[in-house]
Novice: 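Quick one: the structure is below, questions incoming.
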Amino acid sequence: MKELPKHFDFLDQTKIYKLWEDGGYFKPVKKAGVKPFSIIMPPPNANGFLHIGHAVFVTLEDITIRYHRMKGEPTLWLPGADHAGIQTQVVYEKELLKQGKTRFDLGRDEFYKQTYDFTMGNKKIMENQLRELGASCDWSREHFTLEPDISKSVYYTFKKMYDDGLIYRGERIINWCPRCGTALSDIEVIHKEKEGKLTYIKYPIENSNDFITVATTRPETMLGDTAVAVNPGDKRYKKYIGLNLILPLSSRKIPIISDEAVDITFGTGAVKITPAHDPLDFEISERHNLDVIEIISKDLKMTKEAGSKYSGLKYNVAREKVIENLKKLNLVEKQDNFIHSVGTCERCKSTIEPLISKQWFVKIKPLAEKAIKSVKSGEIKFTPKRYEKVYFNWMENIRDWCISRQIWWGHRIPVYYCQDCGEIIVEVEAPNKCKCGSKNIMQDPDTLDTWFSSGQWPFNTLGWDKEVSKGKKSKNGDFEYFYPTSVMETGMDILFFWVARMIMLGIYCTGKPPFTEVVLHGLVRDNDRQKMSKSKGNSVDPLGIVEIYGTDAIRMALVFGTGIGNDIVISEDKIKGFRNFSTKIWNASRYILMNLDGYKNVPRGTLEKMFTKEDLWIIKEFEKTTEKITNSLEKHNFHHAAEEIYEFFWHKFCDKTIEDTKKRIYEGSDKEKMVAKWVLFNVLSGSLKLLHPFMPFVTEAIWQNLNNKTPLIVSEWPKKL
RNA sequence: GGGCGCUUAGCUCAGUUGGCUAGAGCAUCUCGUUUACACCGAGAGGGUCAGGGGUUCGAAUCCCUUAGCGCCCACCA
C-alpha cells in the first residue's frame, strides 16, 4: 500500500476519469439471461455550456448507474446531445445578429451549415464537461439527434404515423411566434399576466335602434368578426338570437348566435367572434359553420380583408385607428383597465399571435389513451408518485400536437409535393419522381418540432428502425437487450414536453413503454429560494465549482437534504461543507494507510473471537448502514442514502472507531494491532464502496492506494464485512 | 376556473406504512494547540412540528377546516 500525500487539493480528476474510460468500465458486458440496467441520458441541448441543472441529472443518474454497475448488473448509461430546434436557432441567430446578419442573409443551406458547426463545437465542450462531472456513461454509444441513422428512424416514424392516419395536415388556428416566424405547439406558449384595456363596443342590430355591446382586449380584430355569440341561457339576449348585427366600420352583416362556451358573467355576456385570430372563437366558428376572415398576416400587419383604411398597418396601429373611428361613430361605450394573460414564445418571449395556418399535426388522443393506461396499470411507475396525477391531468386534456415549424434547424419534414399532379409523397428517402412520372417535386420547407425526435430517443438510440419495427434484429442487439430501459430520470419541467411524448411514441413505435420507472427532480434554487438563472446572476457554474471544491463536493451538495422531486436549494456554503467532507475522507484514509505498513488482509472468521465490543459495534453499524443505503437507492431516495453514509463515515467511523482503535494501534500487542488494523482496513474499504456512487473521484483515488487489483468503479457492492 | 404542493430549531431542509425524551447541515455558545484532519474534536443552547377541530391507547405523520406562500394547467372574450 502506498501512503497518501498530505493534501488532496491536487486530486487529478482527469486522470481518474481516464482510468475508468480507458479501462472500458463504462461499457456494459451483455450477459445472456441476466437482466440489464439501463438509463438513456436526457440529451443536453447542444447550444451552450452545462449549467447547474445538468449537474443535477448527471449526479442522480450517475449515482444510480454506479450503484447498479457495482451490483454486477450489465449497466448501460447512454449519452447524447439534442439539436434543440427553435432554441438553437434562436441562439445562433443572436450570434449572427452580432455580425449584423440575419439567417436570410445566409440562406437556408449556409445557415444550416453554420448552425451545425456551432452545435458540434458546443457538443464537444459539453462532453468534456460531463466527464468533469464524473458521468460514467458509455461514450461508444453516444448519439446526436440529427445524425443520419437517427434521422432516418425519425422519418420512418413520421411515415408510419402518416400511413396510420395519426399525422395529418390541416389549416387550423395555431400559435404563431412573429419573432421566430414559426408555429408553436400549445406547451411552447407561456402565458403571462399583462395589463391591457377592455374596450366595450356597441354593435347595432339590423333594422333596429338597439345595440349589443361586446367587450374585447383587441379592438382591431373586430374587422374580422363573423358573429357575436351569447350563452343560450342568457335571458338578456334570448330575443336577439338569430338576428343580424351590422358590423361597424365594415358594414358586413354578422349573425347573433348562441353557444355554451360563452361565459354569462364575463364582460357583457356577448362575445365577438373572430375565428381567424382566437382559438376559442375558431372552435365556436367550426360548430356554427361561420366564415373565417383573416385580417392579420404573419408579419402582424393588417390584410386586405381588414379593409382599405387599415390594410398594411401594423396591428397595434390599426387598433388605435379602429378605436378612434369607433369613437367618432359614438360606438365605444367605455374602456376599462384589465389584466389578462397573454401567450408568449417560450424561447424568445415575443407575444404570440393566434392565426390560421396550414400545419402538420399529430392526432394525439389514441396515443394518449395508451400512455395513460401504461401508468394506470403500473407498467410505468413515477417517483415521486404525486407526479402521476399531474401527468394524468395533462394527458386527459391533451389536444392535437402541431409538429411543423417554419424554421431551418432540425429534421426537414419528409413530405414531397408533386408540382404537376399535386400528389403528396411521404417517404424516408427523397423520391426522384412522382407516380405520374413528373420529376418536378418539392420537399415541404418546414422542419419537425424538436420534441418529435427526442420523443423517440429511448429506442432510436438503441438501434430501433424500420427493419426492427418489421421484426428484424437491431444491428448491435442493443434494442432487444436494453429496451425497455429501466429508469428515465429527468427534470420535472419537461414532464409534458419530453416524458409524456416518449411514452406515447414509445408505445406506438415499439409496442412497449420506453421505461419502467420515471424519476423526476425539481428546480435548482439559491438560498433565498430564487430560481437560478444566468440573467438573475445567482446561478452556480458547476464547472467553476468543480475547479474550486471538486466534483465530489458539488455532487453531494446536490443530493444532500433534498427529497427527490423537490426543488434543490444549494449555496456555496453547502458545497464548501462537502468539500470538507472530501477532505475528511482523505485524511481518515491517509491516517489508516500510514498505519497499515505490512498489513495483509485476512478473512473475518479468523479474528472473530478477538473483536472488542467497539469493533463489533462498528461492524454491525456498517452492515446496518449498507442495508439502509441499498434500500434507499432502490427507491431513488438519494438524500437518505447520502445522509446515511455521511453520518456513518464521519460520526461513527471517524469520530468513534478511529479514536477507539488508536490506543491499540500505538500501544497494543501484535494481535491487538492486527485486529484493529483489520477493522480499520475493512470498514474503510467498505465505506469507500458505499461512498463511491456519490463521490466517485476521492474514493477511487484512495482505493488506488489500497493494493486493489480492480478499480473501485467495478468493485462489488457490499452486503456484510 | 381546475389541479398539485409547501408551512418543522436563527437559516436551508429531512422525518418512508401514525409508535421511544422530533433530526441533519450551516449559524451561535463553551471547552480542547492528544503524533489523520482546525476544511478538526468534545459538549451545549435552541422547536405549542402555521392556527383550529376530529379519529386513535398514541398524530409532525390520517381526516375536516382556516390562513399565508409557491408551482402547474386552462379557450378570462
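Heavy-atom basis, side chains included; hydrogens, waters and symmetry copies ignored. Letters go in sequence order (proteins before strands), and every chain restarts at 1.
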Novice: Quick check: any donor-acceptor pair below 3.5 Å linking the side-chain of Arg386(A) to the base of rC4(B)?
Specialist: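 Checked by distance alone, the answer is no.
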Novice: As a test of reading the structure: which of rU16(B), rA77(B), rC4(B) is closest to the side chain of Val262(A), going by heavy atoms?
Specialist: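 Output: rA77(B).
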Novice: The side chain of Phe338(A) is closest to which nucleotide in this list: rC76(B), rC75(B), rC4(B)?
Specialist: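 So the nucleotide nearest the side chain must be rC76(B).
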Novice: Does any N or O in the side chain of Lys574(A) come within less than 3.5 Å of the main-chain N or O of Phe560(A), such that one atom is a donor and the other an acceptor?
Specialist: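 Flag set: sc Lys574(A) to bb Phe560(A) pair under 3.5 Å.
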Novice: Relative to the 5' end of RNA chain B, which residue comes earlier, Phe496(A) or Ile264(A), by the nucleotide with the nearest heavy atom?
Specialist: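 Result of the comparison: Phe496(A).
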Novice: When all nucleic acid strands are considered with a 4.0 Å heavy-atom cut-off, which category describes Ser341(A): base, sugar-phosphate, or nothing?
Specialist: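 Contact class for Ser341(A): base.
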Novice: Run Glu614(A) and Val679(A) through side chain to side chain contact (heavy atoms under 4.5 Å, CB included) and show every step you take.
Specialist: CA-CA 10 Å; Glu614(A) 289 77 17; Val679(A) 170; over 6 Å; no
Novice: Given rG3(B), rA77(B), rG15(B), which nucleotide is nearest the side-chain atoms of Thr217(A)?
Specialist: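 Between rG3(B), rA77(B), rG15(B), the one nearest the side chain of Thr217(A) would be rA77(B).
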Novice: Which letters describe nucleotides 19-38 of chain B, given B = protein heavy atom under 4.0 Å from base, S = only from sugar-phosphate, - = neither?
Specialist: ------S----------BB-
Novice: Can you see if the side chain of Arg399(A) gets near the phosphate of rC75(B) - specifically, an N or O under 4.0 Å from OP1 or OP2?
Specialist: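 For Arg399(A), the contact criterion (side-chain N or O under 4.0 Å from OP1 or OP2 of rC75(B)) is met.
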Novice: Verify the contact: side-chain N or O of His191(A) to OP1 or OP2 of rC72(B), cut-off strictly under 4.0 Å; return yes or no.
Specialist: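 Indeed not, no polar side-chain atom of His191(A) lies that close.
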Novice: Give me the distance, rounded to whole Å, that separates rC37(B) from rG18(B) when you measure between the C1' atoms they each carry.
Specialist: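 42 Å, rounded to whole Å.
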Novice: Tell me what Glu193(A) touches on the nucleic acid: a base, only sugar-phosphate, or nothing, going by heavy atoms under 4.0 Å.
Specialist: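 If one applies the 4.0 Å heavy-atom cut-off, Glu193(A) turns out to touch a base.
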Novice: Would you sort out whether Tyr666(A) and Asn595(A) count as a side chain to side chain contact (heavy atoms under 4.5 Å, CB included), showing the intermediate values?
Specialist: CA-CA 9 Å; Tyr666(A) 291 124; Asn595(A) 290 292; 4.2 Å; yes
Novice: Could you spell out the base pairing of RNA chain B as a dot-bracket line? Use Watson-Crick and G-U wobble contacts where both distances are under 3.5 Å, [ ] for crossing pairs, | for partners on a different strand.
Specialist: (((((((..((((.....[...)))).(((((.......))))).....(((((..]....))))))))))))....
